[in-house]
Amino acid sequence: MVGLWRHTGAWRGREGAPYSTLVPSDEVTINYRHGLPVITLTLPTRGERCQFTVKPVVTTVGAFLQDVQREDKGIEKAEVFATDGTKVSDSTLMEILLMNDFKLVINNTAYSVSPPVKDKLSSEHATEMEDIKSLVHRLFVALHLEDHQIRKERELLQKLDHLKGELLPLEQMKARIMDSADAKTSRLLWVGLALMSTQGGALAWLTWWVYSWDIMEPVTYFITYGSAMAFYAYFVLTKQDYIYPLAKDRQFLHYFHRKSKKQRFNVERYNKLKDDLAEAEESLRRLRQPLHLRLPIQEINDKD
């Protein structure tokens, strides 16, 4: 057990603010019990001895000071300073604080604290402790994994229902727009066939009934050359060859997006919802895999 004693003179923090020592001196001690530091002090207002057991690797300085103030409502200020007057952050772990001497300030009283030197664990004992921690972790996972998986599955199912509910009106609107765009594209293809048939019939009529082939041959040549120029212009503008299936898909998308703007169909939001839905379904599929869930296949099928 190591004692802590009150500073008998006016001690100043880094900011230069003096701390009075008018409060009567109370004994403060630190010792280790079951491997954990126990800080014992007398509460200024209640005059009772109180022990505070801290977990060095978990408890912070701020949490320790809050525990002290909760025990004694008369403590208006509790701070910790380094020996050079630098204030110790509330987020500092107690494990770090207990490595060196420090100043504990309660209200207007400053205490010089010299933590005891804790015996270092032997390598064998340290290895044993690590094995125990690993075993505890595995036991925790084994006991709580199924509950975690079920809770995660429930969250994913709720997310899927929510996404499907938002997608339903968009899917219906999309289906109407796609039907309209497909109908317009089909009409355009039939119009193209009709124009080509009309052109062929007109050239035949002009060749055999109105003029001769000698006159119509240059005309057909320039018509062919003009068609080649049109196909080349299509390639320059779209960076794609004029292949009938690709041209049909391009025209379909053109009608689809134009119709979407008129009916205020948000394509980006629809795609985002579809991506979220696919991601949630994939997460649910992986979650229900027997190797991940660590349950028999029959039990998983029962849950489905």
Side-chain angles (χ1 to χ4, degrees), residues 57-58 60 62-63 89-91 93 133-192 234-304:
V57 296
V58 177
T60 62
S89 172
D90 289 344
S91 61
L93 292 175
K133 290 180 181 178
S134 178
L135 178 60
V136 171
H137 175 71
R138 289 198 299 269
L139 289 174
F140 177 83
V141 172
L143 293 174
H144 296 82
L145 178 61
E146 182 178 356
D147 294 338
H148 171 73
Q149 297 284 4
I150 295 175
R151 184 170 61 255
K152 189 66 176 179
E153 180 182 1
R154 188 180 299 111
E155 292 176 359
L156 288 174
L157 290 175
Q158 293 176 353
K159 183 178 181 180
L160 285 174
D161 292 339
H162 178 69
L163 291 174
K164 289 179 180 179
E166 290 188 354
L167 277 171
L168 181 60
L170 296 178
E171 291 283 6
Q172 295 174 350
M173 183 181 295
K174 178 194 171 187
R176 293 194 298 269
I177 295 175
M178 289 184 65
D179 292 340
S180 177
D182 186 66
K184 288 185 177 181
T185 304
S186 298
R187 284 198 298 268
L188 183 63
L189 293 177
W190 283 106
V191 169
Y234 178 87
F235 172 76
V236 171
L237 294 175
T238 64
K239 303 299 184 297
Q240 295 179 351
D241 292 335
Y242 189 80
I243 302 175
Y244 292 122
L246 295 180
K248 176 181 177 296
D249 294 340
R250 186 179 183 84
Q251 194 62 37
F252 171 83
L253 291 176
H254 172 71
Y255 286 139
F256 178 82
H257 286 284
R258 189 169 66 179
K259 189 74 172 179
S260 298
K261 290 182 179 179
K262 288 183 179 180
Q263 296 192 6
R264 297 181 179 179
F265 176 74
N266 194 334
V267 179
E268 294 182 357
R269 181 170 178 268
Y270 174 81
N271 292 334
K272 177 66 168 54
L273 290 175
K274 291 290 286 185
D275 291 341
D276 293 343
L277 180 64
E279 182 180 355
E281 290 177 345
E282 176 63 18
S283 299
L284 184 61
R285 183 189 65 81
R286 289 182 300 177
L287 186 67
R288 287 176 170 177
Q289 288 181 0
L291 292 180
H292 289 174
L293 195 57
R294 299 183 182 179
L295 294 176
I297 297 178
Q298 181 63 35
E299 187 169 350
I300 295 178
N301 293 334
D302 293 342
K303 289 184 180 182
D304 294 343

Derivation and outcome, salt bridge (charged side-chain N to carboxylate O under 4.0 Å, His left out), residues Glu171 and Lys274:
CA-CA 10 Å; Glu171 291 283 6; Lys274 291 290 286 185; 3.5 Å; yes
When rounded to the nearest 0.5 angstrom, what distance separates [atom1] in [X] from [atom2] in [Y]?
X      : Y      : atom1 : atom2 : value
Leu163 : Lys272 : CG    : NZ    : 8.5 Å
Leu156 : Arg285 : CG    : CZ    : 12.5 Å
Leu168 : Lys164 : CG    : NZ    : 11.0 Å
Asn271 : Asn266 : CG    : CG    : 9.0 Å
His254 : Leu188 : NE2   : CG    : 10.0 Å
Leu277 : His162 : CG    : NE2   : 11.5 Å

Applying salt bridge (Lys or Arg N to Asp or Glu O under 4.0 Å) as the test, list every pair that has at least one member in residues 257-268; sequence neighbours left out.
none
Going by atom type alone, with no hydrogens or angles, which donor-acceptor pairs under 3.5 Å involve a side-chain atom of residues 173-186 and a protein atom two or more places apart or on another chain?
{"from": "Lys174", "atom 1": "NZ", "to": "Tyr270", "atom 2": "OH", "distance (Å)": "3.1"}
{"from": "Thr185", "atom 1": "OG1", "to": "Ala181", "atom 2": "O", "distance (Å)": "2.8"}
{"from": "Ser186", "atom 1": "OG", "to": "Asp182", "atom 2": "O", "distance (Å)": "3.0"}

Heavy-atom closest pair (Ser91 atom, Thr60 atom, distance to 0.1 Å) is O-CG2, 3.8 Å
